[in-house]
Amino acid sequence: MDDIDRRIVNALQDPDAFPVSERPYAEAARALGLEEADLIARLRRMCADGLLSRFGPLFDAERLGGAVTLAAMSVPEDRFEVVADLVNAHPEVAHNYARDHPLNMWFVVAAADPERVRPVLDAIAQETGLSVHDMPKLEEFYIGLRLAV
């Protein structure tokens, strides 16, 4: 990661740095002193190289009429990758990750329709043969996390 990549990562963590406009990459690039194509190429390269896991919008599914829940499972270590593939096959699943905890697989289910969350969790339980613990959000906190690189 060179100094320009660092400036991009640090700047674009600010929600106001990437505008909602006809040419958001052009505007963001201009603010960084770059060309639009250079910014896009650098973001693609950082994603391809694994420096960034993703670059994209975060939608507030609930404000759009949908629903989100956090779920967790206790997955036998020897089945972890197989279960992860089954869970990740559901398009509603995001942020699936391993934790060092008896509930060692945690993931988010986001659905455009609130009535869709339960069937997704039930399908995952049926497909994996494992219990899925639904932990719906009770209260939302905004922490404004930014990681300087």
Side-chain angles (χ1 to χ4, degrees), residues 1-20 24-25 27-29 31-32 34 38-149:
M1 179 179 283
D2 65 17
D3 288 342
I4 295 172
D5 289 346
R6 282 188 182 83
R7 279 195 307 121
I8 291 169
V9 170
N10 289 332
L12 295 185
Q13 291 180 65
D14 180 344
D16 296 327
F18 202 79
V20 176
Y25 288 94
E27 290 185 39
L32 288 161
L34 303 171
D38 189 26
L39 175 60
I40 292 170
R42 285 176 175 271
L43 289 169
R44 284 185 176 150
R45 180 184 39 77
M46 286 190 276
C47 287
D49 292 348
L51 294 172
L52 300 177
S53 59
R54 69 180 290 274
F55 181 80
L58 291 174
F59 298 103
D60 186 337
E62 292 166 326
R63 289 184 71 185
L64 295 171
V68 177
T69 195
L70 177 64
M73 301 169 67
S74 180
V75 180
E77 288 301 325
D78 64 336
R79 294 185 57 210
F80 198 90
E81 292 303 318
V82 171
V83 171
D85 287 344
L86 291 169
V87 171
N88 293 342
H90 292 267
E92 298 88 352
V93 171
H95 304 106
N96 187 356
Y97 55 96
R99 291 192 71 180
D100 184 20
H101 185 274
L103 295 171
N104 58 349
M105 181 180 289
W106 292 61
F107 54 94
V108 172
V109 172
D113 177 351
E115 306 304 319
R116 179 74 184 127
V117 171
R118 185 75 252 162
V120 170
L121 298 176
D122 290 345
I124 290 170
Q126 184 175 16
E127 293 165 6
T128 62
L130 300 169
S131 296
V132 177
H133 300 273
D134 183 11
M135 297 178 276
K137 175 177 62 180
L138 301 177
E139 188 173 347
E140 185 166 321
F141 299 92
Y142 179 73
I143 59 172
L145 176 65
R146 291 189 175 89
L147 303 172
V149 293

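- Residues Pro114 and Ala67 approach most closely at CA-CB, 3.6 Å, considering heavy atoms.
- For the side chain to side chain contact (heavy atoms under 4.5 Å, CB included) test with Val108, the passing option among Asn96, Val68, Thr69, Val93 is Val68; the others fail.
- Between Ala123 and His90, the shortest heavy-atom contact is CB-CE1, 3.8 Å.
- Between Pro19 and Pro24 the shortest heavy-atom distance is O-CB, 3.1 Å.
- If you run side chain to side chain contact (heavy atoms under 4.5 Å, CB included) between Leu12 and each of Ile8, Val9, Asp14, Asn10, only Ile8 comes through.
- For Arg63, the CZ atom counts as loosely surrounded, since its 6.0 Å shell holds 12 or fewer non-hydrogen atoms of other residues, nucleotides or ligands.
- Atoms CD and CD, on Glu62 and Glu140 in that order, are 6.5 Å from each other to the nearest 0.5 Å.
- In this structure Phe55 satisfies the ring-ring contact (aromatic ring centres under 6.0 Å, His included) test together with Phe18, sequence neighbours excluded.
- The side-chain hydrogen bond (donor to acceptor under 3.5 Å, both in side chains) test applied to Thr128 returns no partner, not counting sequence neighbours.
- Atom OH in Tyr25 sits 14.0 Å away from atom CG in Leu34 (nearest 0.5 Å).
- The line from CG of Asn104 to OH of Tyr97 is 12.0 Å long, rounded to the nearest 0.5 Å.
- Rounding to the nearest 0.5 angstrom, the gap separating the CZ atom in Phe80 from the CE atom in Met73 is 9.5 Å.
- Taking both residues in full, the closest heavy atoms of Ser74 and Pro102 are given as OG-O, 2.9 Å, listed atom of the first, atom of the second, then distance.
- For residues 38-47, every residue pair satisfying the salt bridge (charged side-chain N to carboxylate O under 4.0 Å, His left out) rule, not counting sequence neighbours, is listed here: Asp2-Arg42, Asp5-Arg42, Asp5-Arg45, Asp38-Arg42.
- Atoms CD and CG, from Glu27 and Leu39 in turn, are 12.0 Å apart once rounded to the nearest 0.5 Å.
- Under the side-chain hydrogen bond (donor to acceptor under 3.5 Å, both in side chains) criterion, Gln13 pairs with no residue, sequence neighbours left out.
- Residues meeting the side-chain hydrogen bond (donor to acceptor under 3.5 Å, both in side chains) test with Gln126, sequence neighbours left out: none.
- Every residue two or more places apart in sequence or in another chain was checked for a side-chain hydrogen bond (donor to acceptor under 3.5 Å, both in side chains) with Glu115, and none qualifies.
- Within a 6.0 Å sphere centred on NE2 of His95, other residues, nucleotides and ligands contribute 12 heavy atoms or fewer.
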In sequence, state the C-alpha distance, the side-chain angles, and the governing distance for Asp134 and Arg118, and then conclude on side-chain contact (heavy atoms from CB on, under 4.5 Å). CA-CA 9 Å; Asp134 183 11; Arg118 185 75 252 162; 3.8 Å; yes

